[in-house]
Protein chains: 2
Amino acid sequence: MKGIIENLHKAFDNRVRLGIMSALMVNERMDFNSMKDLLDITDGNLASHLKALEKEDFILVNKTFIGRKPNTSYQTTPTGRKAFENHLNALEKLISSQQMKPDE
Amino acid sequence: MKGIIENLHKAFDNRVRLGIMSALMVNERMDFNSMKDLLDITDGNLASHLKALEKEDFILVNKTFIGRKPNTSYQTTPTGRKAFENHLNALEKLISSQQMKPDE
DNA sequence: TAAAAGTACTTTGTAAAACAAAGTATAAAT
DNA sequence: ATTTATACTTTGTTTTACAAAGTACTTTTA
């Protein structure tokens, strides 16, 4: 007896993580501060959500310098893109037609 | 400076609540046990999420009898439907094209 | 008719998450 | 030398999620 919500990945339950992934699906990379502005959250909060996605191997980090300023940017991994697309498909499926069958 | 995720409603962050709302958008009413089977969670867990949605005035409860058996069923309120549609629109907007503009 | 089982919870307790705020390390600009 | 910026980490509090057990009522079943 499998539930209809089981294909939704727990990592994407959260709005911040949803925002991060969406941003990184469209912009193939984005730096810390742009993301902070985009999401309008504190840096500690952002860092922790980024770390959570990193830990799942859904995003990866690039530490570089722009000119002489340190700049950390993020991008999705193939795993991350696949997982996110999967999640969106599950969402779509969930939202449309969960008709109750006469039996079961 | 408004974040791109602010139109996502907190009540719908959770997969179970997402499942409940989806089920109730398609089936205009559903009873406790059908929902429990559909979502495959414990009854305590389901009850608490139902209560959370009730508290937001997103769903309402009907306590009736079918034959002689007590039967509790749930349905969305207009408020709930509106909020959920809003959430889905925000989701859709979030997921598609969050292009980084040169300024800001 | 007494015991077992089903419905729809509530209560209790624990573990995990979310988050803000403050602190830290490094480097750069003034 | 002091201030400012970047990108965190740490600390601590509040909120959530959840399972498991308990409860009140009813209804089968033995």
Handout entry: Side chain proximity check, Asn62(A) to Asn71(A), heavy atoms < 4.5 angstrom
Key = no
Exercise for the section: For Met30(B) and dA8(C), give me the distance from atom CE to atom P, rounded to whole Å. Expected result: 13 Å
Exercise for the section: For Asp31(B) and Ser34(B), test the side chains for any donor-to-acceptor distance below 3.5 angstrom and give the result as yes or no. Expected result: yes
Completion exercise
Asn33(B) atom CG is separated from dC9(C) atom C1', nearest whole Å, by 11 Å
Practice task
Could you check how far CZ of Phe32(B) sits from P of dT7(C), rounded to whole Å?
Solution key: 10 Å
Practice task
Dump the intermediate steps for side chain to side chain contact (heavy atoms under 4.5 Å, CB included) on Phe32(B) and Asp43(B), then the final yes or no.
Solution key: CA-CA 8 Å; Phe32(B) 191 88; Asp43(B) 51 359; 3.6 Å; yes
Handout entry: Side-chain N or O of Lys36(A) closer than 4.0 Å to phosphate OP1/OP2 of dT6(D)
Key = no
Handout entry: For atom CG of Asp31(B) and atom P of dT7(C), their distance in whole Å
Key = 9 Å
Problem - Separation of atom CG in Leu50(A) from atom C1' in dA18(C), rounded to whole Å - result: 14 Å
Handout entry: Short side-chain N/O contact from Arg17(A) to OP1 or OP2 of dA17(C), under 4.0 Å
Key = no
Handout entry: side-chain N/O Thr42(B) vs dC18(D) OP1/OP2, d < 4.0 Å
Key = no
Problem - Rounded distance in Å - CG (Asp13(A)) to C1' (dA16(C)) - result: 13 Å
Exercise for the section: Please state whether the phosphate of dA7(D), meaning OP1 or OP2, lies under 4.0 angstrom from any side-chain nitrogen or oxygen of Tyr74(A). Expected result: no
Completion exercise
Checking dC9(C), dA7(D), dC19(C) against the side chain of Thr72(A) (C-beta onward), the nearest is dA7(D)
Practice task
Verify whether the ring centers belonging to His9(A) and Phe58(A) lie closer than 6.0 Å.
Solution key: yes
Problem - Side chain of Asp43(B) - closest among dA8(C), dA18(C), dA19(D) - result: dA8(C)
Exercise for the section: Could you tell me whether the phosphate oxygens of dA17(C), OP1 or OP2, come under 4.0 Å of any side-chain nitrogen or oxygen in Asn14(B)? Expected result: no
Practice task
Rounded off to whole Å, could you give me the CG-to-C1' distance for the Asn45(A) and dG12(D) pair?
Solution key: 15 Å
Handout entry: Sugar-phosphate only, base, or nothing, as touched by Arg15(B) at under 4.0 Å among non-hydrogen atoms
Key = nothing
Exercise for the section: To the nearest Å, give me how far apart NZ (Lys10(A)) and C1' (dA17(D)) are. Expected result: 9 Å
Problem - Nearest listed nucleotide, side chain of His49(A), among dT10(C), dC8(D), dC19(C) - result: dC19(C)
Fill in the blank from the handout: Interatomic distance, CG@Leu18(A) vs CZ@Phe84(A), rounded to 0.5 Å, equals 5.0 Å
Practice task
Specify the residue among Phe65(A) and Gly44(A) whose closest nucleotide of DNA chain C lies further upstream toward the 5′ end.
Solution key: Gly44(A)
